[in-house]
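Every chain is numbered from 1, with letters handed out A, B, ... down the list of sequences.
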2 protein chains.
Amino acid sequence: MPESGTKSPRERYRAQVRGEIKERAWEQIATAGASALSLNAIAKQLGMSGPALYRYYAGRDELITELVRDAYQSLADAIRAAFDAGADVTGLAHEWRRWALEDPHRYLLVFGTPIPGYRAPDDVTAIASRIMAVLIDAFAAHTFESPATPFDAHLDSHRQWAADHPAPSAVLHRALTLWTRLHGILSLEVAGHFAGMGFDPALLFAAELDALLGH
Amino acid sequence: MPESGTKSPRERYRAQVRGEIKERAWEQIATAGASALSLNAIAKQLGMSGPALYRYYAGRDELITELVRDAYQSLADAIRAAFDAGADVTGLAHEWRRWALEDPHRYLLVFGTPIPGYRAPDDVTAIASRIMAVLIDAFAAHTFESPATPFDAHLDSHRQWAADHPAPSAVLHRALTLWTRLHGILSLEVAGHFAGMGFDPALLFAAELDALLGH
DNA sequence: ATCGATCGGTTACAAGTTATCACGAAGACT
DNA sequence: AGTCTTCGTGATAACTTGTAACCGATCGAT
């Protein structure tokens with residue numbers, strides 16, 4: 001977030017307070033989860049009492065929406081940076097996992113059970129498309145001798161989720177499959193469903209990655 | 001739940017009210033999600049006011065815990081029934097999906113973001129083991145020529161999650177993979193993350209199933 | 001059959017939450 | 001300086017979960 005230079009001091013102060021609010025919100029989410037987020041507690045932590053916070057965010061939903069957007073953007077940045085640094089699909093997948101485990105509640109806020117009231121803002125789907133585009137680019141380097149499945153044919157005419165990326169539909173399929181398979185493992189791991197099972201989730205993750213990338 | 005015959009009328013009444021409470025709770029969860037569950041509203045719907053509900057459930061956590069247990073048991077029964085009716089792995093997977101889509105919030109209550117305070121009761125992991133055992137039995141009918149992965153070796157010494165099922169670790173691996181891959185798709189679908197993407201989730205589901213069962 | 005303890009339900013209350021309103025103080029701009 | 005927007009305040013409303021005290025009906029035992 002550079003380039004916040006030419007602004008009125010009022011707006012700079014406002015932006016800074018909004019940032020502090022989000023910071024405290026993330027602290028609360030990291031410890032107690034998103035549904036335990038308390039605007040009152042945040043305000044108290046910042047030294048101001050109760051309704052002052054409503055000058056900065058219209059309500060709980062708006063704050064959460066912005067947190068979701070930030071989290072999405074954070075994932076997009078991490079994936080993009082890894083790709084620009086030369087990471088292949090395996091590298092992107094491990095970066096994805098690192099990002100998920102770094103803050104489990106953040107991952108669940110983005111990909112987990114949706115908050116009852118709120119609806120995803122439109123720009124979030126744009127960020128998602130950008131993430132998928134990076135995955136597709138990474139897969140485009142590989143070559144696959146994959147038999148065309150019925151789903152591949154279906155994808156040929158349904159590719160707006162990938163920002164109409166010109167890659168062949170088999171590649172789109174791979175990218176989509178990478179997403180769903182990684183999410184299957186990561187969401188279960190992050191939600192603690194592997195807890196009492198004994199095996200090492202990292203090994204399962206690696207095995208799934210190997211299986212996808214041509215056994 | 002047969003064999004609830006020889007009970008004191010007090011206990012029968014109590015059991016019936018507890019059942020009605022859970023019914024209303026499921027209605028609320030199905031419409032507004034688990035985090036919007038209101039004990040007051042449930043009590044009001046049942047004609048009794050507020051704190052009377054605490055005679056039946058010690059608090060929110062205990063009610064949710066029982067709902068989670070019931071949902072788990074419901075899935076276990078559905079899978080078990082399909083298996084006993086002769087369903088193969090494909091049939092079990094579709095039954096799993098049918099169960100998930102039948103009540104999305106129920107699926108998310110079990111496999112989604114965990115509720116902040118509550119912890120999964122011990123018997124839930126036992127039910128999970130029973131489900132996994134059915135999956136493993138279904139896979140045991142298949143034969144695989146799979147190269148032993150490092151994860152397979154790891155699973156050989158970490159199989160208590162499958163109730164120490166005697167199947168070879170490659171089969172355990174398949175069953176575990178089925179779970180995580182199906183959950184990856186189903187959780188994203190149920191949480192609405194495929195909403196604006198355009199493609200048909202059912203075809204993606206079928207494609208993943210085909211890919212897993214030996215392309 | 002009467003007596004007594006337990007159970008079920010009630011109202012009242014405490015401590016929280018989100019959110020709105022009306023007001024005062026302080027900075028910013030003309 | 002004067003005005004005007006913004007920020008923070010306390011008061012208030014309508015909620016929530018959960019506890020405490022009380023009262024009546026029912027069930028079990030004598």
Side-chain angles (χ1 to χ4, degrees), chain A residues 4-25 27-29 31-68 109 114-119, chain B residues 4-25 27-29 31-68 109 114-119:
Chain A
S4 69
T6 67
K7 287 292 184 181
S8 133
R10 218 66 183 278
E11 292 185 357
R12 295 208 302 162
Y13 177 71
R14 181 177 180 81
Q16 202 233 357
V17 173
R18 277 177 74 106
E20 287 182 20
I21 291 174
K22 284 197 286 187
E23 236 175 82
R24 304 293 173 172
E27 289 178 16
Q28 275 198 21
I29 287 180
T31 62
S35 50
L37 198 150
S38 160
L39 301 190
N40 257 337
I42 293 176
K44 200 168 293 180
Q45 279 183 350
L46 291 183
M48 58 189 184
S49 240
L53 208 145
Y54 286 78
R55 302 286 179 184
Y56 298 93
Y57 289 97
R60 210 185 128 101
D61 285 10
E62 188 178 307
L63 175 57
I64 288 185
T65 296
E66 186 144 328
L67 294 176
V68 169
L109 182 64
I115 305 293
Y118 116 112
R119 67 161 193 80
Chain B
S4 68
T6 66
K7 287 292 184 180
S8 131
R10 223 65 181 279
E11 293 187 359
R12 295 210 301 162
Y13 178 72
R14 180 178 181 81
Q16 202 233 356
V17 174
R18 278 178 73 107
E20 287 182 19
I21 291 175
K22 284 198 286 187
E23 236 174 81
R24 305 292 173 172
E27 289 178 16
Q28 275 199 17
I29 287 181
T31 62
S35 50
L37 198 150
S38 162
L39 301 190
N40 256 336
I42 293 176
K44 201 169 294 181
Q45 279 185 349
L46 291 183
M48 59 189 184
S49 243
L53 211 146
Y54 286 79
R55 302 287 181 186
Y56 298 93
Y57 289 98
R60 211 185 128 102
D61 284 10
E62 189 178 307
L63 175 57
I64 288 184
T65 295
E66 186 144 329
L67 294 177
V68 170
L109 182 64
I115 306 292
Y118 116 109
R119 66 161 195 80

- Item | Between P of D/dT6 and CG of A/L53, the distance in whole Å | 18 Å

- Rounding to a whole Å, what distance do you find between B/K44:NZ and D/dT16:P? 6 Å

- Task: Please answer whether the main-chain N or O of A/L46 pairs with a side-chain N or O of A/E20 as donor and acceptor at a distance below 3.5 Å.
- Result: no

- Measure the distance from OH on B/Y57 to P on D/dT17 and round it to the nearest whole Å. 15 Å

- Message: Between C1' on D/dT16 and CZ on B/R60, what's the gap in Å once rounded to a whole number?
- Response: 9 Å

- Look at the side-chain N and O atoms of A/S49 and state whether any lies under 4.0 Å from the OP1 or OP2 oxygen of D/dT9. no

- Message: Without decimals, in angstroms, what is the distance between A/Y54 OH and C/dA22 C1'?
- Response: 17 Å

- Message: Is there a side-chain contact between B/Y54 and B/L39 in this structure, where contact means two heavy atoms from C-beta onward sitting under 4.5 Å apart?
- Response: yes

- Message: Expressed as a whole number of angstroms, how long is the span from B/Y56:OH to C/dT6:C1'?
- Response: 13 Å

- 5'-most contact on DNA chain C (nearest-nucleotide basis), B/P51 vs B/V17, goes to B/V17

- Return no unless some side-chain N or O of A/Y13 is found under 4.0 Å from OP1 or OP2 of C/dA26. no

- Please work out if A/L63 contacts a base, only the sugar-phosphate, or nothing of the nucleic acid, heavy-atom cut-off 4.0 Å. nothing

- Message: Is B/N40 close enough to D/dC15 that one of its side-chain N or O atoms is under 4.0 Å from OP1 or OP2 there?
- Response: no

- Kindly point out which of D/dG8, C/dT10, C/dA19 is positioned nearest to the side chain of A/A52? D/dG8

- Note on the structure: Comparing nearest nucleotides in DNA chain D, the 5'-proximal residue of the pair B/R10, B/G59 is B/G59

- Message: Less than 4.5 Å apart, side chain to side chain, heavy atoms only: is that true for B/L37 and B/I42?
- Response: yes

- Message: How many whole angstroms separate atom CD of A/E62 from atom P of C/dT20?
- Response: 11 Å

- Validation row: B/L63, B/K22 side chains within 4.5 angstrom (heavy atoms): yes

- Quick one: A/Q28 CD to C/dT17 C1', roughly how many Å, whole number? 12 Å

- Message: Below the 4.0 Å mark, does C/dG8 have OP1 or OP2 next to a side-chain nitrogen or oxygen of B/R14?
- Response: yes

- Note on the structure: Closest of D/dT16, D/dG18, C/dA22 to the A/R55 side chain is C/dA22

- Taking all atoms of both residues into account, what is the closest heavy-atom pair of B/R18 and B/Y56, and its distance? NH1-O, 2.7 Å

